[in-house]
Visitor: 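Have a look at the structure that comes next, please.
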Amino acid sequence: MKITALNGFKDILPDEIKQWRIVENIATDILERFNFSEIRLPILEKTDLFARSIGESTDIVEKEMYTFVEKQVTMRPEATASLVRAYIQHGLYVQKPVQKLFTIGPMFRHERPQKGRLRQFTQLSAEVLGSASAKIDAELIGMASYFFKTLNLDVSLELNSLGCPDCRPAFRQKLLAFIEDKYDHLCDDCKRRSTTNPLRVLDCKVESCRKEVADAPSIQESLCDVCADHFTTVQKSLDQLQIPYSLNKFMVRGLDYYVRTTFEFLTSDLGAQAAVCAGGRYDGLIEQLGGPKLPGIGFAMGLERLVLLLQQQQEEQEKTCETDLFVAGFGEGPSSFTFELVHALRLSSLRVAQDVEGKGLKSQMKQADKIGARFVLIIGDDELDSGVGVLRNMQTKEETKVSLTVEAVLEQVNNSTC
RNA sequence: GUGGAUGUAGCUCAGUUGGUUAGAGCACCUGGUUGUGGCCCAGGAGGCCGAGAGUUCAAAUCUCUUCAUCCACCCCA
């Protein structure tokens, strides 16, 4: 009976780490250029935090959270709630009126796993707290858009506005009336949705439902003046930054706190998991969680999905040299000598590999080749006696002599780049 | 939670109407070069055929149960 990882939990093996580093490094670089600061948050929070922010009746809160019932704590299913909690708890709004924050880390949702969907998954969340400006919406969306462009990923941007507590109820009524007429023609899921969350009927995947709601009232035409203004400015600002998008009146968001601007970056290469980045404005959330009456907007990106896309959409990366030098000592005396030399070379900043199994030279050469070492330093009895080793360049096959001192080896290896 | 598919070597997969000792490719190890990598050649190691029960003289193969994984629904990043 082998012990395996839990269903929906995945090991990220060394071969995949390169892609993760690419995603993380490019992301943090871009975030910093857009003046975002990193914040690191706990994974465990009081259950109540998520119930109050995400919404009591959402699927996430109702049946997908990993909760320790007796302790009333939950493994976070998303980061925005925790981030806003920290923002309020530490009074960050006092120091700076507008806070731009990001965080990267694991989230947990107990759903049935499938392609691009895990029970533990990693999200990058970027949030701007304290600004209601539509320009911020465009700036944030523009940043995400630039990020995907930098990664050379093929994604599309969809945009919608969900209105605000002033105008959404009226739209909801209009939509309910519309749905009532079509009720008998809708799928079972939509019949259920029409009472629990009517907006969700709009983005049903069933073909017949899509037809039925094709001419449903558009929320974009039911916005109040303030929301309509905001939405127009977001679009104008995106145009100004030359960021392509399409309006999608059927796009709604799953979390209760979203108002006004919502957006998704979509791909067609991940099966049912089309969204690689999604977000929106949540102007009431901070106040709802006990903070000041300040607006906010943010997005979350699923990094596993991005890594999958990188693997699918990009050509194999060239093998980069991850090891500068392989020190091959063979024979008892040389092996003892190289053991010490290798340590010293590592302390002096080189990436050095060695064999400690007492293998022959040929086997050590194979190892060196396999890990992509740039150089091999060969030391047998002769070299140890003379104090001069053989340094082989693995690409050019060129061999030079080098004194067996840290300084001499360091100089020769650093002289040539990968 | 619902539906469908798949479980054979580290990986990708063959395996006939049930029939000796379960195979291939890649990867790994050793040798061909007693001190030199990639290519080539020779050899080697590696399997409770997901697990449990049943049918049978005989099960990787048929039946049942169970577990796991994948895909889709739901939901969502």
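All of these numbers come straight from a predicted model, not from anything done at the bench. Protein chains get the first letters and strands the later ones, always in sequence-line order, with residue 1 at the start of each.
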Visitor: Using atom P in both nucleotides, what's the gap between B:C48 and B:G35 to the nearest angstrom?
Guide: 38 Å
Visitor: How close or far is atom P of B:U34 from atom CG of A:D381, stated in whole angstroms?
Guide: 16 Å
Visitor: Checking side chain to side chain donor-acceptor pair (under 3.5 Å) for the pair A:T122/A:E304: CA distance, chi angles, key distance, verdict?
Guide: CA-CA 6 Å; A:T122 311; A:E304 279 81 2; 3.0 Å; yes
Visitor: Identify the heavy atoms of A:L118 and A:G8 that sit nearest to each other, and give their distance.
Guide: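 It is CB-O, 3.4 Å.
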Visitor: Assess the side chains of A:T74 and A:K46: does a donor N or O sit below 3.5 Å from an acceptor N or O?
Guide: no
Visitor: Using a 4.0 Å heavy-atom cut-off to protein, can you give one letter per nucleotide of nucleotides 72-77 of chain B, 5' to 3': B if the base is in contact, S if only the sugar-phosphate is, - if neither?
Guide: BBBBBB
Visitor: Checking the side chain of A:D324 only, and the main-chain atoms of A:L350 only, is there a donor and an acceptor separated by less than 3.5 Å?
Guide: no
Visitor: Calculate, to the nearest 0.5 Å, the distance between atoms CD and CG belonging to A:E180 and A:L186 respectively.
Guide: 11.5 Å
Visitor: Dump the intermediate steps for side-chain contact (heavy atoms from CB on, under 4.5 Å) on A:F102 and A:T28, then the final yes or no.
Guide: CA-CA 9 Å; A:F102 77 94; A:T28 49; 3.9 Å; yes
Visitor: When rounded to the nearest Å, what value does the distance between C1' atoms of B:C57 and B:U20 take?
Guide: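 After rounding to an integer number of Å, I get 14 Å for this pair.
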Visitor: Does a donor on one side chain sit under 3.5 Å from an acceptor on the other, for A:Y87 and A:E127?
Guide: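 No - no donor-acceptor pair under 3.5 Å links their side chains.
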Visitor: Give the residues of residues 385-392 of chain A touching RNA chain B, defined as any heavy atom closer than 4.0 Å, sorted by residue number.
Guide: A:R392
Visitor: In whole Å, I'd like the distance from the NZ atom of A:K366 to the P atom of B:U36.
Guide: 12 Å
Visitor: What interatomic distance, in whole Å, is found between P of B:G19 and the corresponding atom of B:A58?
Guide: 14 Å
Visitor: With rounding to the closest Å, how many angstrom separate the P atoms on B:G3 and B:U61?
Guide: 26 Å
Visitor: Could you tell me how far apart A:K401 (NZ) and B:G35 (C1') are, to the nearest whole angstrom?
Guide: 13 Å
Visitor: Do side-chain atoms of A:R76 reach the backbone of A:P106 as a donor and acceptor pair under 3.5 angstrom?
Guide: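 Checking the backbone N and O of A:P106 against the side chain of A:R76, a donor-acceptor pair under 3.5 Å is found.
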Visitor: Is a side-chain donor-acceptor pair under 3.5 Å present for A:Q72 with A:D48?
Guide: no
Visitor: Mind calculating the distance between CG (A:D382) and C1' (B:G35) to the nearest angstrom?
Guide: 9 Å
Visitor: List, with names and distances, any nitrogen or oxygen atoms from the protein found under 3.5 Å away from nitrogen or oxygen atoms belonging to nucleotides 41-52 of chain B.
Guide:
none

Visitor: Please state the C1' separation for the pair B:G4 and B:G44 - nearest whole angstrom.
Guide: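 To the nearest whole Å, 43 Å.
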Visitor: Dump every N/O contact between nucleotides 9-11 of chain B and the protein below 3.5 Å, one line per pair.
Guide:
none

Visitor: Could you work out the separation of B:A53 and B:A59 based on their C1' atoms and round it to a whole Å?
Guide: 13 Å
Visitor: Could you tell me whether the side chains of A:Y257 and A:R281 share a donor-acceptor contact shorter than 3.5 Å?
Guide: no
Visitor: Please determine whether any donor N or O and acceptor N or O are separated by less than 3.5 Å between the side chain of A:Q364 and the base of B:U36.
Guide: no
Visitor: Do side-chain atoms of A:E158 reach the backbone of A:Y245 as a donor and acceptor pair under 3.5 angstrom?
Guide: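 Side chain of A:E158 to backbone of A:Y245: no pair is present.
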Visitor: For A:T262 and A:N160, does a side-chain donor sit closer than 3.5 Å to a side-chain acceptor?
Guide: no
Visitor: Roughly how many Å is it from CD1 in A:I371 to P in B:G38, rounded to a whole number?
Guide: 15 Å
Visitor: Of A:E399 and A:S363, whose closest RNA chain B nucleotide lies nearer the 5' terminus?
Guide: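 In this pair, the answer is A:S363.
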Visitor: A:M365 has an atom CE; how far is it from atom P of B:U30, in whole Å?
Guide: 15 Å
Visitor: Strictly under 6.0 Å, is that where the ring centroids of A:F326 and A:F375 end up?
Guide: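 No; A:F375 has its ring centre 6.0 Å or more from that of A:F326.
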Visitor: Remember a base hit wins even if backbone is also touched, and classify A:F330 as base, sugar-phosphate or nothing at under 4.0 Å, heavy atoms.
Guide: base
Visitor: Give me the distance, rounded to whole Å, that separates B:C29 from B:A72 when you measure between the P atoms they each carry.
Guide: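 So the two P atoms sit 38 Å from each other.
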Visitor: Under 3.5 Å, is there a donor-acceptor pair between the side chain of A:R305 and the main chain of A:G116?
Guide: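 Pair found, side chain donor or acceptor close to backbone of A:G116.
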Visitor: For RNA chain B, what dot-bracket results from Watson-Crick or G-U pairs at under 3.5 Å, with [ ] for crossers and | for inter-strand partners?
Guide: (((((((..((((.....[...)))).(((((.......))))).....(((((..]....))))))))))))....
Visitor: Which whole-number value in Å describes the distance from A:L13 CG to B:A27 P?
Guide: 19 Å
Visitor: Classify the nucleic acid contact of A:K359 as base, sugar-phosphate or nothing, counting any heavy atom under 4.0 Å across all strands shown.
Guide: sugar-phosphate
Visitor: On a whole-Å scale, what distance lies between the C1' atoms belonging to B:U17 and B:C62?
Guide: 12 Å
Visitor: Under the side chain to side chain contact (heavy atoms under 4.5 Å, CB included) rule, collect the residues that match up with A:E111, sequence neighbours excluded.
Guide: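 Result, side chain to side chain contact (heavy atoms under 4.5 Å, CB included) vs A:E111: A:E64, A:R109, A:R117.
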Visitor: In whole angstrom, what separates A:K362's NZ from B:G38's P?
Guide: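 Checked: the NZ to P distance equals 7 Å.
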Visitor: Check the surroundings of atom NZ in A:K191: do more than 12 heavy atoms from other residues, nucleotides or ligands lie under 6.0 Å from it?
Guide: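 Atom NZ in A:K191 is packed in, count exceeds 12.
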Visitor: Is there a donor and acceptor pair, one atom on the side chain of A:E383 and one on the base of B:G35, closer than 3.5 Å?
Guide: yes
Visitor: Working to the nearest 0.5 angstrom, can you tell me the gap between A:E78 CD and A:F50 CZ?
Guide: 7.0 Å
Visitor: Sub-3.5 Å donor-acceptor pair from the side chain of A:T338 to the main-chain atoms of A:L341, do we have one?
Guide: no
